[in-house]
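In what follows, a structure is listed as structure tokens, so that the remarks can point back to it.
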2 protein chains.
Amino acid sequence: MSKTDMISDITSNARKTPSRAVTMAAVGRMAGVSQVTVSRALSDPSKVSSETLRKIKEAIEATGFVPNAIAGALASKRSMLISALVPSITNITYTSMIKPFNEVMRQNGYEILLSETGLAPDDEEKLIAAHLSRRPDAMLLTGMRHTVAARRSLLGAGIPVVEVWDTTETPIDLCVGFSHMEAGRSVAEFAAGKGYVRAATVSAGDERALRRKNAFSDRFTALTGNVVLESNFEAQASLANGRAGLSDLIDQHGFGDGVIFCSSDILAHGVVIEAQARGLRVPEDIAVIGFGDQDFAAHTHPAITTVRVDREALGRAAADALVQRFAGIDLTAPLIDIGFEIQDRASS
Amino acid sequence: MSKTDMISDITSNARKTPSRAVTMAAVGRMAGVSQVTVSRALSDPSKVSSETLRKIKEAIEATGFVPNAIAGALASKRSMLISALVPSITNITYTSMIKPFNEVMRQNGYEILLSETGLAPDDEEKLIAAHLSRRPDAMLLTGMRHTVAARRSLLGAGIPVVEVWDTTETPIDLCVGFSHMEAGRSVAEFAAGKGYVRAATVSAGDERALRRKNAFSDRFTALTGNVVLESNFEAQASLANGRAGLSDLIDQHGFGDGVIFCSSDILAHGVVIEAQARGLRVPEDIAVIGFGDQDFAAHTHPAITTVRVDREALGRAAADALVQRFAGIDLTAPLIDIGFEIQDRASS
DNA sequence: TTGTACGCGTTATCAT
DNA sequence: ATGATAACGCGTACAA
């Protein structure tokens with residue numbers, strides 16, 4: 001260190017009393033080594049003698065040094081940040097898949113930048129741009145519908161991209177999910193197989209829910225010859241919407257008896273509650289099938305028949321795929337279908 | 001631009017086919033201006049002539065340039081990142097308060113780095129360190145219990161800190177929440193006021209829930225002279241746990257009739273369902289009071305009496321406090337108590 | 001085992 | 001209105 005350096009250091013310290021950030025250089029100075037040695041001590045302690053390692057640790061302890069990951073990211077061109085976009089952070093459907101994703105990635109040293117996109121693809125596009133500016137090392141997207149501009153900037157970023165919660169023939173990169181069309185169709189076959197000949201649906205407005213609903217209706221009609229009544233709404237699914245859905249079907253559409261396929265368990269629960277409030281028996285008068293197999297579905301009274309998707313496995317699979325990518329392993333199957341499973345319970 | 005610059009550009013392009021990151025310098029070159037001018041055009045367009053602004057926009061469009069926020073953060077010492085720590089990202093109690101927090105912060109140009117801490121303060125400490133290394137401009141913490149090391153590094157970081165979802169006499173910095181002790185006590189007074197003389201509790205193991213429970217029991221006993229039975233568990237609250245809780249109270253503790261205060265609405269709902277499954281009437285035989293006023297509480301059958309906390313307002317207040325801080329406004333009240341409100345419904 | 005020199009892609013500070 | 005130049009704090013050669 002030159003004399004002028006020392007002086008400038010002293011003056012700058014004197015000038016700015018408020019919380020001067022501790023740097024590796026400062027730690028090194030205190031430990032009597034250079035900045036690089038501190039860097040090495042932190043990234044690979046085996047490359048540093050035990051004696052200097054001890055001094056450096058002391059200096060870190062004394063100064064309360066916290067490495068600056070921003071500078072590290074700029075220098076190494078790796079942010080150790082994964083950006084994840086979900087439709088809603090208050091919807092357990094998505095957060096329960098982000099949770100294991102997060103855990104696996106953190107074990108590998110990554111942090112998750114999580115944002116909610118809402119409904120519109122245009123909003124997603126803006127969020128993708130905002131996230132890309134932080135130079136994430138990979139990105140997780142929910143769903144397969146993205147604007148062309150979004151796809152373009154994603155490809156331009158040159159990072160791994162996982163699309164989850166659906167399947168497609170044309171993924172941007174990696175893909176982990178299941179077929180919503182097949183799910184709806186399977187429920188129709190399940191319901192018809194149980195002998196139901198009248199059916200209705202209660203659905204939220206999101207695109208994947210509608211695909212399940214349509215697949216259900218088409219298949220059910222093909223099997224029974226009967227039209228499927230439907231009650232749709234735009235807002236977020238809730239017990240209230242489920243109750244309103246059944247009321248709508250009964251009061252407005254003249255639905256009398258049969259099975260009702262709901263786009264989520266919470267809606268199904270609402271339908272069950274409304275039925276009971278009206279003195280209708282479940283499943284004798286009205287049978288109910290939900291979607292998602294959330295925690296409560298098995299414990300309502302009666303328990304709700306539903307479609308189980310292993311969201312934890314999905315999140316883990318998405319993370320594993322990324323980790324392999326980072327390790328330079330070529331993935332033989334960039335498209336992973338984790339499937340689904342109908343849980344046959346008392347509500348149907 | 002010199003001739004050698006051009007050559008080096010050409011060769012570097014030829015050398016590295018895979019996604020050479022577009023820089024401001026590259027955009028400037030294409031637009032015939034310097035890198036600084038591009039920076040200005042982006043941060044404050046009014047400082048650039050309309051003609052060059054047009055050229056720069058063209059160049060950005062043509063190259064697909066995405067600004068590097070990492071470099072920006074390093075240079076400006078502002079990451080425009082807010083780190084938020086919640087006990088669980090799958091628990092709507094917390095995410096519903098993060099949602100408006102997130103929205104307000106994003107409107108002000110900030111992004112949220114969200115992580116879940118789980119139960120242990122030690123885990124929180126590690127997460128805080130990890131987050132601080134990303135140099136967030138502020139941090140949101142859930143709860144008031146932090147390790148001394150955590151408090152130290154937080155203070156050392158010199159950034160605004162908001163602690164939410166509780167109150168304390170000794171905040172690190174800002175604080176937005178309500179008193180869990182007062183909440184429990186109020187429920188006891190409410191229940192005793194309704195004439196209940198026997199009571200029990202069903203509680204999850206988190207520290208704040210236990211504080212509510214204890215305050216309830218103490219006050220109820222003081223008012224009625226009767227001991228309050230309790231059933232506690234460690235796992236996350238669920239319908240299943242609520243059902244098990246009532247079973248436990250009845251089968252193991254001999255609870256016959258009275259009011260049950262649950263640490264969350266989901267538990268209360270479980271208690272209601274188990275009561276109904278046992279042929280008990282709610283509230284005639286067993287009255288139920290929940291906590292949180294989640295969406296479904298008003299729509300179960302019967303609707304659940306509960307304690308409403310305006311989580312959205314809480315998240316917004318926390319964000320507003322930070323925004324004011326960033327604007328240099330001195331906050332007259334660093335401690336904000338948003339209170340709570342008992343929702344008197346059919347279950348009690 | 002340790003150090004020197006340089007670059008990462010911006011913003012901030014002066015000039016012009 | 002625009003440009004040169006110096007930070008920002010760290011990793012990555014390369015050298016010793």
Side-chain angles (χ1 to χ4, degrees), chain A residues 1-2 4-5 8-9 11-12 15-16 19-29 31-56 60 63 65-80 109 132-135 137 157, chain B residues 1-2 5 8 12 16 19-29 31-56 60 63 65-80 109 132-135 137 157:
Chain A
M1 184 164 61
S2 73
T4 48
D5 274 349
S8 78
D9 271 340
T11 51
S12 70
R15 203 179 44 200
K16 317 182 128 189
S19 71
R20 216 193 183 314
V22 181
T23 67
M24 282 188 177
V27 171
R29 232 169 285 142
V33 295
S34 76
Q35 170 260 322
V36 233
T37 306
V38 178
S39 174
R40 269 191 287 253
L42 258 38
S43 59
D44 187 358
S46 73
K47 294 178 123 185
V48 168
S49 82
S50 57
E51 175 57 15
T52 55
L53 188 59
R54 189 187 54 72
K55 284 192 213 153
I56 290 175
I60 289 177
T63 55
F65 169 70
V66 177
N68 186 326
I70 292 180
L74 184 62
S76 68
K77 292 171 170 289
R78 297 194 314 150
S79 63
M80 300 307 280
L132 284 182
S133 80
R134 305 226 175 240
R135 296 295 187 267
D137 290 337
Chain B
M1 182 166 55
S2 74
D5 273 350
S8 78
S12 71
K16 321 181 124 189
S19 73
R20 221 200 177 310
V22 181
T23 66
M24 282 187 176
V27 171
R29 232 168 285 142
V33 296
S34 77
Q35 173 262 324
V36 227
T37 306
V38 178
S39 175
R40 267 192 288 253
L42 259 40
S43 60
D44 187 358
S46 72
K47 296 179 120 186
V48 168
S49 82
S50 57
E51 174 57 13
T52 57
L53 189 58
R54 191 187 52 73
K55 283 192 214 156
I56 289 174
I60 287 177
T63 54
F65 169 71
V66 177
N68 186 326
I70 292 180
L74 184 62
S76 68
K77 294 170 170 288
R78 298 193 314 150
S79 63
M80 300 307 280
L132 284 182
S133 80
R134 305 228 174 237
R135 296 295 187 268
D137 291 337

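Just so it is clear, the model here is predicted, and its values are computed rather than measured. All chains are named by letter (A, B, ...) in the order of the sequence lines, taking the proteins before the strands, and each is independently numbered beginning at 1.
For the pair B/Leu74 CG and D/dG11 P, the interatomic distance rounds to 12 Å; values are reported in whole Å. Atom CZ in B/Arg134 sits about 22 Å away from atom P in D/dC8, given to the nearest Å. Atom P of nucleotide C/dT10 and atom CD1 of B/Ile56 are separated by 13 Å, given to the nearest angstrom. Atom CD in B/Gln35 sits roughly 12 Å away from atom P in C/dC8 (whole-Å rounding). In this structure, the CZ atom of A/Arg54 is 12 Å from the P atom of C/dT2, given to the nearest Å. Summarising the geometry, the separation between CG on B/Asp44 and P on C/dA12 is reported as 11 Å, rounded to the nearest angstrom. Atom C1' of nucleotide D/dT2 and atom NZ of B/Lys47 are separated by 11 Å, given to the nearest angstrom. Whole-Å rounding puts the B/Arg29 CZ to D/dG3 P distance at 13 Å.
Scanning both residues, A/Pro45 and A/Leu53, for their nearest heavy atoms gives CB-CD2, 4.1 Å. For the residue pair A/Leu42 and A/Met24, the shortest heavy atom distance occurs at CD2-CE, 4.0 Å. Across A/Asp137 and A/Lys77, no two heavy atoms sit closer than the pair OD1-O, 4.5 Å. In terms of heavy atoms, B/Ala157 sits closest to B/Leu132 at CB-CD2, 3.8 Å.
The salt bridge (charged side-chain N to carboxylate O under 4.0 Å, His left out) contacts involving residues 37-49 of chain A comprise nothing, where partners must be two or more places apart or lie in separate chains.
Taking side-chain N and O atoms only, B/Ser49 has a distance below 4.0 Å to OP1 or OP2 of D/dT2. Distances shown here put a side-chain N or O of A/Lys77 below 4.0 Å from the OP1 or OP2 atom of C/dG9.
B/Arg78 comes within 4.0 angstrom of nothing in the nucleic acid, heavy atoms only. Using a 4.0 Å heavy-atom cutoff across all strands shown, A/Ser43 reaches no nucleic acid atom at all.
For B/Arg54, the CZ atom sits in a packed shell: over 12 heavy atoms of surrounding residues, nucleotides or ligands are nearer than 6.0 Å.
Across the interface with DNA chain C, nearest-nucleotide mapping of B/Ile70 and B/Val36 shows B/Ile70 to be the residue nearer the 5′ end. For the pair B/Ser34 and A/Ser39, both in contact range of DNA chain D, the more 5′-proximal nearest nucleotide belongs to B/Ser34. With DNA chain C read from its 5' end, the first of the two nearest nucleotides for B/Gly72 and B/Arg40 is the one closest to B/Gly72. Toward the 5′ end of DNA chain D lies the nearest nucleotide of B/Thr37, the other residue of the pair B/Ser76 and B/Thr37 mapping further downstream.
The side-chain heavy atoms of B/Leu74 and B/Ile70, taken from C-beta on, include no pair separated by under 4.5 Å. Using a 4.5 Å cut-off on side-chain heavy atoms (C-beta onward), B/Thr23 and B/Asn68 make no contact.
For the helix from C/dT1-D/dA16 to C/dT16-D/dA1, the terminal axes (five pairs an end, C1' atoms, rotation from four pairs onto the next four) enclose an angle of 30°, given to 10 degrees.
Considering only side-chain atoms of B/Ala71, the nucleotide from C/dT2, C/dG9, D/dG11 that sits closest is C/dG9. The side chain of B/Asn68 lies closest to C/dG9 when the candidates are C/dT2, D/dC10, C/dG9.
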